[in-house]
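Structure first, commentary second.
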Amino acid sequence: MRLKVKEKFCSQLSFQGLILSVVSVVLCKTQEEVSVKNEEQVTLGGNVTLQCNLTKSHDITQVTWQKNDKNGHFENVATYSDRLGIRINEKYQGQLNFTHLAPNKTAIILWKVNVQHNGCYKCIFNTYPGGAKEGKTCLTVYEHLRASVQYNISDGHLAAFCSSTAFPRPVISWTVPEDERGQEQNTSHPNGTISVINSIHLKNSRSLYGKELICRVMHMGKSQDYKVLVTEEGGHWFSVPVLLTVLAFIFVILILIVVCWRRHRKKDGGEALGQV
Ligand SMILES: *[C@@H]1O[C@H](CO)[C@@H](O)[C@H](O)[C@H]1NC(C)=O
Ligand SMILES: *[C@@H]1O[C@H](CO)[C@@H](O)[C@H](O)[C@H]1NC(C)=O
Ligand SMILES: *[C@@H]1O[C@H](CO)[C@@H](O)[C@H](O)[C@H]1NC(C)=O
Ligand SMILES: *[C@@H]1O[C@H](CO)[C@@H](O)[C@H](O)[C@H]1NC(C)=O
Ligand SMILES: *[C@@H]1O[C@H](CO)[C@@H](O)[C@H](O)[C@H]1NC(C)=O
Ligand SMILES: *[C@@H]1O[C@H](CO)[C@@H](O)[C@H](O)[C@H]1NC(C)=O
Ligand SMILES: *[C@@H]1O[C@H](CO)[C@@H](O)[C@H](O)[C@H]1NC(C)=O
């Protein structure tokens with residue numbers, strides 16, 4: 001009785017082991033047979049080429065490129081077969097084409113990339129009799145970051161604004177003043193770029209005079225700091241002392257001009273008298 005149970009257990013175990021090893025062999029094999037770059041990056045509006053190479057020779061019946069949609073399902077983008085030629089999904093007409101139709105290599109070029117092109121792509125070689133061999137590559141579409149920080153002061157209240165535009169969405173935080181969360185406003189532009197404005201409101205602006213406000217913007221895994229110095233007049237190019245100095249300077253110059261002119265006239269007058 002006991003022996004039987006043990007036997008059954010063992011046979012089950014080895015059967016599962018067999019399945020596991022078969023699955024892993026199949027997985028490894030398909031991964032090995034298509035050589036592909038895991039990631040590509042492209043700026044919004046640029047061109048990009050995605051390519052896959054088959055590492056072993058096979059009889060290929062069709063090459064298919066697919067892209068994942070928002071729900072993660074892959075849909076056909078383009079196919080090629082000797083029999084039917086190039087077929088491009090209506091949605092992508094005029095946006096891409098094959099650049100390589102060699103039996104062991106496929107490449108597509110995407111023109112004037114937009115934010116909808118962001119995502120993962122599969123290349124599938126349908127082979128006979130080997131079945132489908134596929135590779136996957138993920139495309140990151142981005143737009144360079146533009147950001148700035150400014151502030152104004154009224155009635156002793158300071159309002160600071162950190163503005164940034166990019167794709168994917170930039171993330172804003174304040175390092176000075178520390179732990180300030182701020183209020184955020186998003187705007188999506190027609191070309192897919194996103195503007196984020198983070199504003200903070202501080203009651204006592206006087207305590208910040210001579211200090212810097214620092215806003216940190218994260219984009220594409222990098223962070224950049226944007227700074228602005230708080231001055232008494234709230235960011236105007238003139239401050240009271242500067243204005244007074246400039247006025248005094250102009251006053252001195254005017255006096256000098258008047259003095260010179262009067263001296264000159266006296267001299268001229270004397271010469272004229274002498275001549276008569
Ligand atoms: C595919 O092969 C070409 C040469 O034919 C090579 O330049 C390219 O880097 C290869 N691409 C990948 C993803 O292996
Ligand atoms: C993208 O490709 C098109 C067509 O080949 C070309 O006219 C355009 O200059 C390319 N754009 C860039 C940014 O390379
Ligand atoms: C792809 O095929 C070409 C000829 O058709 C051959 O020269 C090349 O070595 C092959 N590349 C690979 C990676 O098998
Ligand atoms: C796509 O590429 C094929 C083959 O290289 C070419 O015959 C066809 O004219 C191209 N189509 C477009 C729209 O560029
Ligand atoms: C401060 O600047 C913001 C944005 O430039 C503006 O909306 C706001 O009215 C300004 N406030 C004052 C008091 O000037
Ligand atoms: C801005 O976008 C982020 C991320 O999409 C979202 O979590 C946040 O609620 C948005 N804020 C506003 C004010 O729309
Ligand atoms: C996208 O739109 C924004 C806002 O209109 C603009 O600043 C940016 O230059 C545009 N980018 C491209 C690549 O067209």
Side-chain angles (χ1 to χ4, degrees), residues 28-58 60 62-67 76-125 127 132-150 161-172 184-198 217 219-220 224 226:
C28 292
K29 242 189 160 174
T30 47
Q31 269 172 4
E32 264 173 23
E33 284 188 70
V34 176
S35 155
V36 59
K37 248 174 97 178
N38 294 330
E39 279 173 70
E40 290 281 355
Q41 294 189 347
V42 62
T43 52
L44 193 61
N47 298 336
V48 66
T49 301
L50 306 176
Q51 57 174 268
C52 291
N53 295 347
L54 209 50
T55 52
K56 285 184 189 145
S57 76
H58 287 282
I60 294 155
Q62 179 168 298
V63 176
T64 305
W65 280 89
Q66 297 186 330
K67 182 191 180 297
N76 281 10
V77 168
T79 60
Y80 172 77
S81 66
D82 284 336
R83 206 161 59 82
L84 298 170
I86 292 173
R87 293 283 174 97
I88 292 173
N89 182 339
E90 223 171 283
K91 223 168 105 180
Y92 295 91
Q93 289 283 341
Q95 301 181 13
L96 60 89
N97 199 7
F98 281 91
T99 58
H100 263 93
L101 300 169
N104 55 11
K105 179 175 172 183
T106 180
I108 52 170
I109 183 166
L110 290 154
W111 297 300
K112 283 185 82 173
V113 166
N114 63 51
V115 296
Q116 271 85 44
H117 293 143
N118 205 44
C120 293
Y121 293 76
K122 267 185 191 172
C123 58
I124 305 164
F125 294 94
T127 68
K133 316 280 175 205
E134 61 177 62
K136 193 170 107 177
T137 183
C138 292
L139 180 65
T140 303
V141 179
Y142 69 96
E143 169 73 315
H144 293 288
L145 173 70
R146 279 179 298 128
S148 64
V149 57
Q150 61 192 99
F161 304 87
C162 187
S163 316
S164 62
T165 300
F167 185 85
R169 183 182 190 277
V171 176
I172 297 178
E184 224 157 67
Q185 228 182 336
N186 306 332
T187 318
S188 287
H189 300 290
N191 66 14
T193 54
I194 300 166
S195 287
V196 181
I197 301 177
N198 186 305
V217 185
H219 184 243
M220 295 288 286
Q224 195 157 352
Y226 296 84

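First listed ligand is number 1; within each ligand, the first listed atom is number 1. In what follows, residues are counted from 1 in the order of the sequence shown. The shown structure was predicted, so the numbers you read here are calculated from the model rather than taken from an experiment.
The shortest side-chain heavy-atom distance between Val63 and Ile124 does not fall under the 4.5 Å cut-off. When side chains are defined from C-beta on, Arg146 does not count as touching Ser163, because their heavy atoms never get closer than 4.5 Å. Taking 4.5 Å as the limit, some side-chain heavy atom of Met220 sits within range of a side-chain heavy atom of Gln41. When side chains are defined from C-beta on, Tyr92 counts as touching Lys67, because their heavy atoms get closer than 4.5 Å. Tyr121 places a side-chain heavy atom less than 4.5 Å from the side chain of Leu110.
With ligand atoms numbered from 1 in the order given, ligand 7 contributes 8 (C), 9 (O), 10 (C), 11 (N), 12 (C), 13 (C) to contacts under 4.0 Å with heavy atoms of Glu143. Close approach of ligand 1 to Val36 is summarised as follows: ligand atoms under 4.0 Å from at least one heavy atom of the residue are 13 (C). If you number the atoms of ligand 1 from 1 as listed, the ones under 4.0 Å from a heavy atom of Lys105 come out as 3 (C), 5 (O).
Checked by distance only, ligand 1 and Lys37 stay at 3.5 Å or farther apart across all their nitrogen or oxygen atoms. An N or O contact shorter than 3.5 Å is missing between Thr165 and ligand 7 by distance.
For CD of Gln93, the number of neighbouring non-hydrogen atoms (other residues, nucleotides, ligands) closer than 6.0 Å is greater than 12.
In this structure, His100 has its ring center at least 6.0 angstrom away from the ring center of Phe98.
A side-chain donor from one of Gln62 and Thr64 sits under 3.5 Å from a side-chain acceptor of the other.
When heavy-atom distances to ligand 4 are checked against 4.0 Å, the residues falling inside are Ile86, Asn97, Phe98, Trp111, ordered by chain and number.
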